[in-house]
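None of these values were measured; they are calculated from a predicted model.
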Amino acid sequence: MSVIFKRQASFFFSSEEKTGATNISQNGSVFDVILSNPISIPSGAVNAELAIINAQVWYVNPNVSVLLANNKFKFTTTNAPAGTYTLTLPDGLYSLPELNSTISNAIINLGLPATLFRFTGDDATQSTIITFLTSGDSIDFTVANSLRLILGFDNIVYTAPSANYNLYSPNIAALNTDSSYIISSNIIPNGIPINNRAYGALVNIPISNKPGLQILYAPTNITWCDANSLIGKNTQSLNFRLTNQNLVPVDTRGERYQFTMVIRWQLLLTDKALPMRP
């Protein structure tokens, strides 16, 4: 006769240096952990699996930044003080209303009308609409590091033929550059395959909150990874990485991310291994 015993171990990891994270990358997306007690699964174990059962990640990864080379807005106006201006936007995660507000505030500081350019969206076509206050004013999207790609415009200069002119972007706006976050690790060699490749991905976290807020991931249906590579080994040095869906490292903007990892396995005990009855 044989008996199957189920075993499980849980681990909580955080990118917070105060709780033991080391070698934290400058953007906060990568960190290492050296375990005091190594992960040890007996050599006789079978069916080892690993899963991330919950996670907390802040949705702050910039969609406009110096690194992304898309933080410039250049325009020419005949309104006083007339001239050509180039605005540099601070790194940040912008929605269209927030982008409109930031540019409007910068224009006010130049002494120009707040509504010189107004940015809105067309939900039906997913395009951006720029409303020009004044006829003859222009926006130059040929400038290096311009906002054109995330707003959906081509690499040209657009000039308003009339006052209050509505300019629709010819392409779909791409403000939502991130659709999910992936946590990967060296703890197992393959993880969850991404198409036909293995990157050590442990979990794919959908973005379920508004920009600037924390994503609380607690799935009803947990995705388990094959962890048989851990059987018969002592695993002590771990590395974790937070990327977007394209495996581009996430800029956490100083925020920490954390998650709970569970490893489970089975032990098959035969008659010889079972305790003798008195």
Side-chain angles (χ1 to χ4, degrees), residues 7-41 48-63 65 67 91-93 177-194 198-227 229-231 233-265:
R7 292 291 182 261
Q8 178 174 298
S10 299
F11 306 86
F12 181 77
F13 295 107
S14 170
S15 63
E16 173 58 62
E17 185 176 13
K18 294 178 182 177
T19 57
T22 62
N23 298 326
I24 303 169
S25 63
Q26 187 173 3
N27 63 11
S29 66
V30 179
F31 70 96
D32 293 339
V33 175
I34 306 298
L35 298 176
S36 301
N37 298 311
I39 297 171
S40 181
I41 300 179
E49 295 179 306
L50 181 153
I52 304 299
I53 63 169
N54 62 60
Q56 298 82 44
V57 180
W58 285 91
Y59 182 26
V60 292
N61 189 39
N63 57 359
S65 69
L67 182 64
D91 291 5
L93 177 58
T177 52
D178 297 332
S179 61
S180 67
Y181 290 142
I182 294 174
I183 296 176
S184 304
S185 177
N186 67 339
I187 188 170
I188 50 179
N190 296 323
I192 303 170
I194 302 176
Y199 299 94
L202 304 182
V203 66
N204 182 52
I205 302 171
I207 293 177
S208 57
N209 220 333
K210 295 180 180 179
L213 299 180
Q214 191 180 52
I215 301 168
L216 302 176
Y217 175 76
T220 302
N221 296 313
I222 296 171
T223 302
W224 292 88
C225 310
D226 184 333
S229 59
L230 296 174
I231 295 175
K233 298 179 181 178
N234 290 326
T235 304
Q236 189 170 21
S237 180
L238 305 178
N239 170 266
F240 296 102
R241 307 177 299 278
L242 181 67
T243 65
N244 70 3
Q245 72 283 352
N246 296 321
L247 301 177
V248 177
V250 167
D251 185 349
T252 65
R253 306 288 285 171
E255 301 289 354
R256 307 308 184 197
Y257 66 98
Q258 50 270 327
F259 51 93
T260 301
M261 183 178 74
V262 173
I263 302 173
R264 66 185 185 185
W265 64 93

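The side chain to side chain contact (heavy atoms under 4.5 Å, CB included) search around Gln8 returns Ser10, Val262, Arg264, not counting sequence neighbours. Listed by chain and number, the residues in a side chain to side chain contact (heavy atoms under 4.5 Å, CB included) with Arg7 are Phe5, Trp265, Leu267 (sequence neighbours excluded). In this structure, Arg241 has no salt bridge (Lys or Arg N to Asp or Glu O under 4.0 Å) partners at least two apart in sequence or on a different chain. With sequence neighbours left out, Glu17 forms a salt bridge (Lys or Arg N to Asp or Glu O under 4.0 Å) with no residue at all. Every side chain to side chain contact (heavy atoms under 4.5 Å, CB included) that Thr243 has, sequence neighbours left out, goes to Ile182, Leu247.
In plain terms, the two heavy atoms of Ala51 and Ile222 that are nearest each other are CB-CG2, 3.4 Å. The nearest pair of heavy atoms linking Leu93 to Asn61 is CD1-O, 3.3 Å. Here the shortest heavy-atom pairing between Ser179 and Gln245 reads N-OE1, 3.0 Å. Shown here for Trp58 and Arg256, the closest heavy-atom pair between the two residues is CD1-O, 3.6 Å. Shortest non-hydrogen contact noted between Tyr59 and Asp178 is OH-O, 4.2 Å. For Thr252 against Val60, the heavy-atom pair with the smallest separation is O-CG2, 3.3 Å.
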Evaluate side-chain contact (heavy atoms from CB on, under 4.5 Å) for Asp226 paired with Asn190, printing each intermediate quantity in order. CA-CA 8 Å; Asp226 184 333; Asn190 296 323; over 6 Å; no
Please assess Val30 against Asn23 for the test side-chain contact (heavy atoms from CB on, under 4.5 Å), listing each intermediate value before the final yes or no. CA-CA 8 Å; Val30 179; Asn23 298 326; over 6 Å; no
Begin from the C-alpha positions of Leu238 and Phe13 and carry the test side-chain contact (heavy atoms from CB on, under 4.5 Å) through to its verdict. CA-CA 10 Å; Leu238 305 178; Phe13 295 107; 3.5 Å; yes
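We find the CD1-CH2 distance between Ile52 and Trp224 to be 9.5 Å, quoted to the nearest 0.5 Å. Taking OG of Ser229 as the start and CD1 of Ile41 as the end, the distance is 8.5 Å to the nearest 0.5 Å. Between the OG atom in Ser36 and the CD atom in Gln236 there is a gap of 8.0 Å [rounded to 0.5 Å]. Rounded to the nearest 0.5 Å, atoms CG (Asp32) and CZ (Phe240) are 9.5 Å apart. Expressed to the nearest 0.5 Å, how far CG of Asp251 lies from CD of Gln26 amounts to 9.0 Å.
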Would you list the atom pairs, donor with acceptor, under 3.5 Å between side chains in residues 198-218 and any protein atom, with sequence neighbours excluded?
from: Asn204; atom 1: OD1; to: Ser180; atom 2: OG; distance (Å): 2.8
from: Asn209; atom 1: ND2; to: Gln214; atom 2: O; distance (Å): 2.9

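Below 30°, between 30° and 60°, or above 60°: for Tyr257 and Phe31 the angle between ring planes is above 60°, a perpendicular geometry.
No donor-acceptor distance shorter than 3.5 angstrom exists from the side chain of Asn63 to the backbone of Thr177, with no hydrogens or angles considered. No donor-acceptor distance shorter than 3.5 angstrom exists from the side chain of Asn244 to the backbone of Tyr181, with no hydrogens or angles considered.
No hydrogens or angles considered: a donor-acceptor pair under 3.5 Å links the side chains of Asn54 and Thr260.
A 4.5 Å side-chain heavy-atom check between Cys225 and Ile188 finds at least one atom pair inside the cut-off. Side-chain contact between Gln258 and Thr19: absent, with no pair of heavy atoms (C-beta onward) separated by less than 4.5 Å.
None of Asn234, Thr235, Leu50 except one satisfies the side chain to side chain contact (heavy atoms under 4.5 Å, CB included) rule with Ile39; the exception is Thr235.
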